[in-house]
Amino acid sequence: MKMGIIGAGHIGGTAARLFVEAGYEVAISNSRGPETLAPLVAELGAHAHATTPIDAARFGDVVLVAIPLKDYPSLPAEELRGKVVIDAMNYYPNRDGHIDALDSGEKTSTALVAEHLAGARVVKAFNTIWFEHLKTQGHKAAPIEDRRVIFVSGDDAEAKRIVASLIEEIGFGPLDLGSIAESARQQPGAAVYNLDVTVKEARS
Ligand SMILES: NC(=O)c1ccc[n+]([C@@H]2O[C@H](COP(=O)([O-])OP(=O)(O)OC[C@H]3O[C@@H](n4cnc5c(N)ncnc54)[C@H](OP(=O)(O)O)[C@@H]3O)[C@@H](O)[C@H]2O)c1
């Protein structure tokens, strides 16, 4: 499987390392251009290359999006049509500006992203784990139930299974919280947000 990554910061850069270590080919992108990612791809090695967001979207069977939420309208909807897209983004009004539909609770942030990415198979995941924990807490040898949990929400059951397998391959434990509407359960302010627990503990 090939991974595209849009956003090469704390979360995108950390996920890229884990995906390469798990044996994936990775195309990673940011807003400033592939040349600015030369140090990161040098560190990632031969199975990663830097590109543009459009080409990362074309390249990936699965595409992780980890940019500030306010920038979601720039995501390449045409190229992401039909792709499994992991939305790792969170809404922080002091960073992203106020978005009425989110302030009122009318929609989840992932619903907004999915509306923009019509035809993409959007799964919210990787948004409740601090990047330093993502870097260090994976344990591939541990039973799934005893691993650090990564929550997933989405409307496409097969896409969620693909993302859940990916989470297991990098040493974490997936836990399904429901639909895109129900992804409010893993947004900032929700009980599980940033919760540093195992799958077993999260279930109880
Ligand atoms: N930090 C965490 O521990 C953490 C944990 C879970 C979820 N998140 C969420 O994940 C998202 C990213 O957080 P982060 O901490 O990784 O941010 P970050 O370190 O500031 O990195 C953001 C990345 O997004 C890129 N970017 C910005 N606008 C873009 C655009 N329009 N197109 C393509 N790339 C763009 C930036 O590239 P340039 O530098 O070239 O602009 C940069 O590589 C946020 O929504 C955040 O809430 C963060």
Side-chain angles (χ1 to χ4, degrees), residues 4-16 28-33 36-37 40 52-54 56-57 62-81 83-135 137 148-156 159-160 163 167 172 174-197 202:
I5 301 182
I6 301 178
H10 292 116
I11 283 291
T14 302
I28 188 162
S29 63
N30 64 2
S31 76
R32 286 168 297 147
T36 64
L37 293 171
L40 176 64
T52 62
I54 284 178
V62 175
V63 180
L64 172 72
V65 175
I67 66 176
L69 180 72
K70 68 175 167 53
D71 295 310
Y72 83 88
S74 74
L75 292 169
E78 191 53 42
E79 288 75 11
L80 290 171
R81 198 179 302 278
K83 301 286 177 109
V84 175
V85 174
I86 303 174
D87 171 17
M89 297 180 284
N90 289 309
Y91 174 49
Y92 283 107
N94 53 0
R95 178 193 63 197
D96 296 312
H98 282 275
I99 301 174
D100 289 346
L102 302 185
D103 289 339
S104 67
E106 178 197 335
K107 288 178 185 170
T108 60
S109 65
T110 298
L112 272 190
V113 173
E115 278 172 22
H116 173 65
L117 300 179
R121 307 167 73 191
V122 179
V123 177
K124 189 171 194 75
F126 292 94
N127 73 302
T128 70
I129 183 165
W130 183 41
F131 76 99
E132 290 286 3
H133 286 171
L134 184 62
K135 200 180 286 179
Q137 290 185 334
R148 166 70 196 257
V149 69
I150 291 186
F151 298 101
V152 298
S153 305
D155 294 344
D156 182 321
K160 278 198 285 194
V163 175
I167 289 168
F172 292 85
L175 188 59
D176 189 343
L177 289 186
S179 66
I180 285 178
E182 290 166 316
S183 68
R185 298 171 67 194
Q186 66 183 81
Q187 290 189 153
V192 307
Y193 190 72
N194 280 340
L195 199 63
D196 181 5
V197 295

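Quick caveat, the model's predicted, so the values are computed rather than measured.
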Distance, nearest 0.5 Å, that separates [atom1] of [X] from [atom2] of [Y]:
X      : Y      : atom1 : atom2 : value
Glu79  : Ile54  : CD    : CD1   : 5.0 Å
Phe172 : Ile150 : CZ    : CD1   : 5.0 Å
Ile86  : Ile167 : CD1   : CD1   : 7.0 Å
Ile11  : Asn90  : CD1   : CG    : 9.0 Å
Ile180 : Ser153 : CD1   : OG    : 8.5 Å
Asp71  : Ser31  : CG    : OG    : 7.5 Å

How far apart are the closest heavy atoms of [X] and [Y], and which atoms are they?
X      : Y      : value
Ser29  : Ala56  : OG-CB, 3.8 Å
Ile67  : Ser74  : CD1-OG, 4.4 Å
Leu134 : Ala15  : CD2-N, 4.3 Å
Val197 : Ala202 : CG2-CB, 3.9 Å

Compute whether any side-chain donor of one residue and acceptor of the other, for [X] and [Y], lie under 3.5 angstrom apart.
X      : Y      : result
Gln187 : Thr108 : no
Asn194 : Thr128 : no
Thr36  : Asn30  : yes
Tyr72  : Asp87  : no
Tyr193 : Asn127 : no
Ser183 : Lys124 : no

Could you walk me through whether Leu75 and Leu117 pass the side chain to side chain contact (heavy atoms under 4.5 Å, CB included) check?
CA-CA 8 Å; Leu75 292 169; Leu117 300 179; 4.0 Å; yes

Is any side-chain N of the basic residue among Arg185 and Glu182 closer than 4.0 Å to the acidic one's carboxylate O?
no

Should Lys70 and Asp96 count as an ion pair when the cut-off is N to O under 4.0 Å?
no

Could you go through the side chain to side chain contact (heavy atoms under 4.5 Å, CB included) check for Ser109 and Met89 one step at a time?
CA-CA 8 Å; Ser109 65; Met89 297 180 284; 6.0 Å; no

Flag the pair Asp196 / Gln137 as yes when at least one side-chain heavy-atom distance between them is below 4.5 Å, and no otherwise.
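Sidechains of Gln137 and Asp196: in contact.
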
Decide yes or no for Val63 and Ile6: does some side-chain heavy atom of the first lie under 4.5 Å from some side-chain heavy atom of the second?
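Yes; the side chains approach each other to less than 4.5 Å.
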
Dump the intermediate steps for side chain to side chain contact (heavy atoms under 4.5 Å, CB included) on Ile129 and Phe151, then the final yes or no.
CA-CA 9 Å; Ile129 183 165; Phe151 298 101; over 6 Å; no

Using side-chain contact (heavy atoms from CB on, under 4.5 Å) as the criterion, point out the one residue from Val123, Asp155, Leu177 that pairs with Lys160.
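With Lys160 as partner, side-chain contact (heavy atoms from CB on, under 4.5 Å) holds for just one option, Val123.
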
Assess whether side chain to side chain contact (heavy atoms under 4.5 Å, CB included) is satisfied between Leu40 and Ile28, documenting all intermediate values.
CA-CA 9 Å; Leu40 176 64; Ile28 188 162; 3.7 Å; yes

